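Reading through the structure tokens given below for one structure.
Since this is a predicted model, take the numbers as computed values, not measurements. Just the heavy atoms: all of them, side chains too, but no hydrogens, waters or symmetry mates, feed the values below.
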Amino acid sequence: MEGEPVNVNEFQELARQALPKIYYDYYSGGAEDEYTLKQNVEAFQGITIRPRILVDVSRIDLSTTVLGYQISVPILIAPSAKHKWAHPEGEVATARAAAVCDTIMILSYRSTCTIEEVASSCNAVRFFQCYVYKRRDISANLLQRAERCGYKAIVLTVDSPRLGRREKDIKNKMVNPQLKNFEGLISTRVSTDDGSNIEAFDANTAFDASLSWKDIGWLRSITNLPVLLKGVLTHEDAIKAVEVGVDGIIVSNHGARQLDYAPPTISVLEEVVSAVKGKIPVLFDGGIRRGTDVFKALALGAQAVLSCRLEGQQFTDLQPRENTG
């Protein structure tokens, strides 16, 4: 590639060249045939923009609010795991980049830096992403630590009763690093000779496959923080989310890493927004590569978008600039 990278796709190519294949495959891969992974991006290309002319755009304000917190642009950093595979400072570096850009980072439960390390790294608004385990004390411990450390909301991922079949990780015999947030709670050392160690880890820590709508009440009983559901793709589930009293929805198919042949998220955004009827905020996740993608998601009703994996690397080189009109 000649010259400096100028878009996310070019940063992705640099990442492919710089990272060990096993790490790049983990960051960039999806489930099974990766049909939904491709469609997450390609579905945006089927949406065109109808520009209106002779409108005063000399003063543009991209700021917005999410759960009452103001951010400079309608882009949050989505939860993604194992940042130290890409940078020695891991999620601490990501958190500092988000703070510089005056936006919100959602820390993954599988971060390679602890909840406390990220919280103490800089002064910024951040949310915490979690799952519910069969051992509810594990989930409670993580949520209470996040609340004590000043995280402002909980993002509950609800699309993973079982881990998706990520065949690149299986072929690479991916070995999971020790996850510091779990030290003292469970054994963080897992070894297996049969395929991906990532799969073995999640099986052994036991996501609660019985998780259902009634458990949202339990979650709200152990935290005072607002709760957003990440993984909503249908009108019916959006209505249920409003009925059980969550504080927001994230339209997401888990970056196409869970159920292959699930719909691309941009194709169902209007359906979810229509169901919610403005009662709670709707955020959008999946396939964002350009500013025009952000614009399309906002135009279809999202309050803001989430960006992560290779998409999120754009934040590390951003610096705040004055609006020159």
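A 6.0 Å sphere centred on CZ of Arg136 holds more than 12 heavy atoms belonging to other residues, nucleotides or ligands.
Scanning both residues, Ser108 and Asn181, for their nearest heavy atoms gives O-ND2, 4.1 Å. Minimum heavy-atom separation, Leu229 to Ala241: CD1-CB, 4.1 Å. Residues Glu91 and Val118 approach most closely at CB-CG2, 3.9 Å, considering heavy atoms.
Ile49 shares a hydrophobic cluster with Phe295; the chain of contacts runs through ILVMFWY side chains whose heavy atoms sit under 4.5 Å apart. Counting side-chain heavy-atom gaps under 4.5 Å among Ile, Leu, Val, Met, Phe, Trp and Tyr, Val41 is found in no cluster with other residues.
Atom CG in Leu185 sits 9.5 Å away from atom CD in Glu183 (nearest 0.5 Å). Arg145 CZ to Glu116 CD: the interatomic distance, rounded to the nearest 0.5 Å, is 4.0 Å. One finds the CG atom of Asn141 at 9.0 Å from the CG atom of Leu143 (value rounded to the nearest 0.5 Å).
Scanning for salt bridge (Lys or Arg N to Asp or Glu O under 4.0 Å) contacts around Glu32 gives an empty result, with sequence neighbours left out. Shown here are the salt bridge (Lys or Arg N to Asp or Glu O under 4.0 Å) partners of Asp25, two or more places apart in sequence or in another chain: Lys21. Taking Asn123 as the reference, nothing meets the side-chain hydrogen bond (donor to acceptor under 3.5 Å, both in side chains) condition, with sequence neighbours excluded. Considering only residues two or more places apart in sequence or on other chains, Asp102 meets the salt bridge (Lys or Arg N to Asp or Glu O under 4.0 Å) condition with none of them. Here Phe44 pairs with Phe284 under the ring-ring contact (aromatic ring centres under 6.0 Å, His included) rule; sequence neighbours left out. Take Pro51 and apply the side-chain contact (heavy atoms from CB on, under 4.5 Å) test, not counting sequence neighbours, and it matches no residue. Remark: Glu89 engages Arg96 in a salt bridge (Lys or Arg N to Asp or Glu O under 4.0 Å) (not counting sequence neighbours). For Tyr261, the ring-ring contact (aromatic ring centres under 6.0 Å, His included) test picks out Tyr35, with sequence neighbours left out. Under the side-chain hydrogen bond (donor to acceptor under 3.5 Å, both in side chains) criterion, Asn40 pairs with Asn253, sequence neighbours left out.
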Residue pair Val132, Val158: steps toward the side-chain contact (heavy atoms from CB on, under 4.5 Å) verdict:
CA-CA 9 Å; Val132 174; Val158 291; over 6 Å; no
Mind running side-chain contact (heavy atoms from CB on, under 4.5 Å) on Leu228 and Leu156 for me, showing each step along the way?
CA-CA 6 Å; Leu228 297 92; Leu156 177 66; over 6 Å; no
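Evaluation of the salt bridge (Lys or Arg N to Asp or Glu O under 4.0 Å) test over residues 236-253, restricted to residues two or more places apart or in two chains, returns Arg220-Asp247.
Classified by interplanar angle (parallel below 30°, tilted 30° to 60°, perpendicular above 60°), the ring pair Phe128/Tyr151 is perpendicular.
When each of Val272, Val268, Leu259 is paired with Leu233, the side chain to side chain contact (heavy atoms under 4.5 Å, CB included) condition holds for Val268 and for no other. Screening Gln12, Gln17, Arg16 for a side chain to side chain donor-acceptor pair (under 3.5 Å) involving Tyr24 leaves a single residue, Gln12.
Taking the charged nitrogens against the carboxylate oxygens, Glu117 and Lys180 do have a contact shorter than 4.0 Å, which makes a salt bridge. Taking the charged nitrogens against the carboxylate oxygens, Arg165 and Glu167 do have a contact shorter than 4.0 Å, which makes a salt bridge.
At least one donor-acceptor pair closer than 3.5 Å links the side chain of Arg166 to the backbone N or O of Arg257. In this structure, the side chain of Arg289 does not engage the main chain of Asn7 through any donor-acceptor pair within 3.5 Å.
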